[in-house]
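A short worksheet on the structure shown next.
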Amino acid sequence: MKFNTSVLHTVRPEDKYGSTLPPVYQANAFASESAEQLEKIFNNKAAGYSYTRAGNPTVDAFERRIAALEGGIGAAACASGMFAVTAALMNILRAGDEVIVSTGLFGGTIDLFEDLEAFGIVPVFLESITYETVTEAITPRTRAVFTELIGNPRLDITDIESVSKACRENRIPLIVDSTTATPFLIKPLKHGADIVIHSSSKYINGSSNSISGIIVDGGRFKWDAERYPGFARYSKFGIFAFLSKLRNGIWRNMGGCLSPFNAYMNIIGLETLGLRMERCCHSAKDLAEFLETQKGITVNYPALGSSPFKELADRLLGGKGGGILTVRAGSRERAYRLMNSLKYASVATNIGDVRTLIIHPAGTIYTHHTGQQRASAGVYDDTVRISVGIEDTEDLIGDFAQAIAALDKE
Ligand SMILES: *Cc1c(COP(=O)(O)O)cnc(C)c1O
């Protein structure tokens, strides 16, 4: 099956009435037929549901679809992408552990690593995550490598094939936030990643109607209890050790579960992910090529010949570059004027919507970061991030053309 077929047909709805979509089980609790049965469910001795924070059939339907699509052995859905990142890290790390991370990460994730320092988790930031830089940064305390597949907003592509080699040689798991790439462009587990995370608030949902996240496990990493003492109790679960520990621990106990209704909205969104991504990638490339011809504007888009990441986009993403590009307008003032002149692009802090969205990252997401942190994240005073939607490409290009013409008139 190719992508769009597999999205619709890999996991079949199991509803007894044959409903084509999974029913929304909008309930907190599930009654068991007996006291004995509930005891079994509570102790993982029988399949079934007890309480939605620990599991829900609609949420489960979403988890199974994403796990199948990514080629993982299972998944845990979360209330947000940030909770997915938090829970995945806290399931692995303990005080004193180091985690190697990219400086080009999403602003919220950079902030999170600062918060985790209060719990003794030490982030080691690298300007670029490659086989060589990771190998050199690994110490006896390193317990994970965390990176984004296409950095948001730096738009650098991580060569996870070679980075995962460095991780394997040192018995360290590679965690990849693949939000901006989506399984349409790449299935990171097939290229060496051990755990994949999505903010499904973005492309997977598609219409920006549900904040949500998901953690998918490839089931390949060996959680040796000497290096990962928290896993000792879970080694009996074999390849399911990571997910069992997560679902019985941090994920359930911190309580960042996904609402059944939001899981349902994500299942609907997921069904058109391939169509939307195809369109967004095409339009983003056409828009990037158009903007590159405009005086006073520089463009960063990984699938452009001018991008240092073109080779990786060709090798890992089938030549596509995703739906996001950034431009530098020359000054903050010009960036703001460009944004304010656009008719079809909404000024909003989000990506992966059907609508085109624009933002000035330095003035918003990165306001409380240092100049050094901003530059490392590819954020300058004149940078505008564009998340291309599914509007007709000609209309988008026309809109940017008129906005740029207005810039030069003044
Ligand atoms: C948005 C985003 C997140 C956070 O997800 P939320 O659903 O907003 O919590 C994490 N990583 C990346 C790359 C993102 O774009």
Side-chain angles (χ1 to χ4, degrees), residues 59 62 66 70 75-90 99 101-116 123 129 146-158 160 174-186 188 193 195-216 251 254-259 262-263 265-266 269-270 273 277 280 284 302 317 321-326 348-353 355 357-359 361 364-366 369 376-379 383 385-389:
V59 176
F62 174 55
I66 297 287
E70 287 287 12
C78 300
S80 67
M82 282 320 305
F83 188 68
V85 173
T86 308
L89 290 167
M90 293 193 90
V99 49
V101 288
S102 160
T103 54
L105 296 177
F106 172 69
T109 309
I110 291 185
D111 290 348
L112 171 69
F113 278 109
E114 283 173 18
D115 298 331
L116 290 179
I129 298 278
F146 183 98
T147 189
E148 283 168 22
L149 205 122
I150 307 177
N152 171 16
R154 195 164 67 180
L155 306 181
D156 54 322
I157 299 176
T158 306
I160 56 170
L174 174 61
I175 311 170
V176 174
D177 178 338
S178 195
T179 300
T180 46
T182 81
F184 175 76
L185 290 182
I186 185 169
I195 289 150
V196 174
I197 289 166
H198 290 283
S199 164
S200 40
S201 322
K202 314 287 174 55
Y203 289 101
I204 288 174
N205 174 278
S207 296
S208 297
N209 58 46
S210 300
I211 296 286
S212 55
I214 193 152
I215 305 165
V216 190
W251 176 81
M254 284 195 158
C257 66
L258 180 59
S259 114
N262 287 359
M265 296 307 275
N266 285 347
L270 180 63
L273 176 65
M277 280 303 284
C280 291
L317 311 179
I324 302 171
L325 55 137
T326 61
T349 177
N350 190 14
I351 56 167
D353 196 347
R355 278 155 283 271
L357 309 174
I358 43 164
I359 194 163
T364 54
I365 309 168
Y366 290 86
H369 294 80
S376 299
V379 171
T383 303
R385 183 186 71 189
I386 307 161
S387 172
V388 177

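Read the numbers this way: they start at 1 and go in the same order the structure lists the ligands and their atoms.
Asn262 pairs with exactly one of Ser210, Ser201, Ser200, Ser212 by the side chain to side chain donor-acceptor pair (under 3.5 Å) rule, that one being Ser210. When each of Thr364, Leu357, Ile365 is paired with Arg385, the side chain to side chain contact (heavy atoms under 4.5 Å, CB included) condition holds for Ile365 and for no other.
Ile186 places a side-chain heavy atom less than 4.5 Å from the side chain of Ser178.
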Which donor-acceptor pairs under 3.5 Å do the side chains of residues 106-115 make with protein atoms, sequence neighbours left out?
residue : atom : partner : partner atom : Å
Asp111  : OD1  : His369  : NE2          : 3.1
Asp111  : OD2  : His368  : NE2          : 3.1
Glu114  : OE2  : Gln373  : NE2          : 3.3

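Taking CZ from Phe146 and CG from Asp177, the interatomic distance works out to 5.0 Å, rounded to the nearest 0.5 Å. Here the CG atom belonging to Leu149 is positioned 7.5 Å from the OG1 atom belonging to Thr147, to the nearest 0.5 angstrom.
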Name each N or O atom in ligand 1 that is under 3.5 Å from a protein N or O, and give the partner atom and the distance.
residue  : atom   : partner : partner atom : Å
ligand 1 : 5 (O)  : Ser199  : OG           : 3.0
ligand 1 : 7 (O)  : Gly81   : N            : 2.8
ligand 1 : 7 (O)  : Ser199  : OG           : 2.8
ligand 1 : 7 (O)  : Ser201  : OG           : 2.6
ligand 1 : 9 (O)  : Gly81   : N            : 3.0
ligand 1 : 9 (O)  : Met82   : N            : 2.8
ligand 1 : 11 (N) : Asp177  : OD2          : 2.7
ligand 1 : 15 (O) : Asn152  : ND2          : 3.1
ligand 1 : 15 (O) : Lys202  : NZ           : 2.8

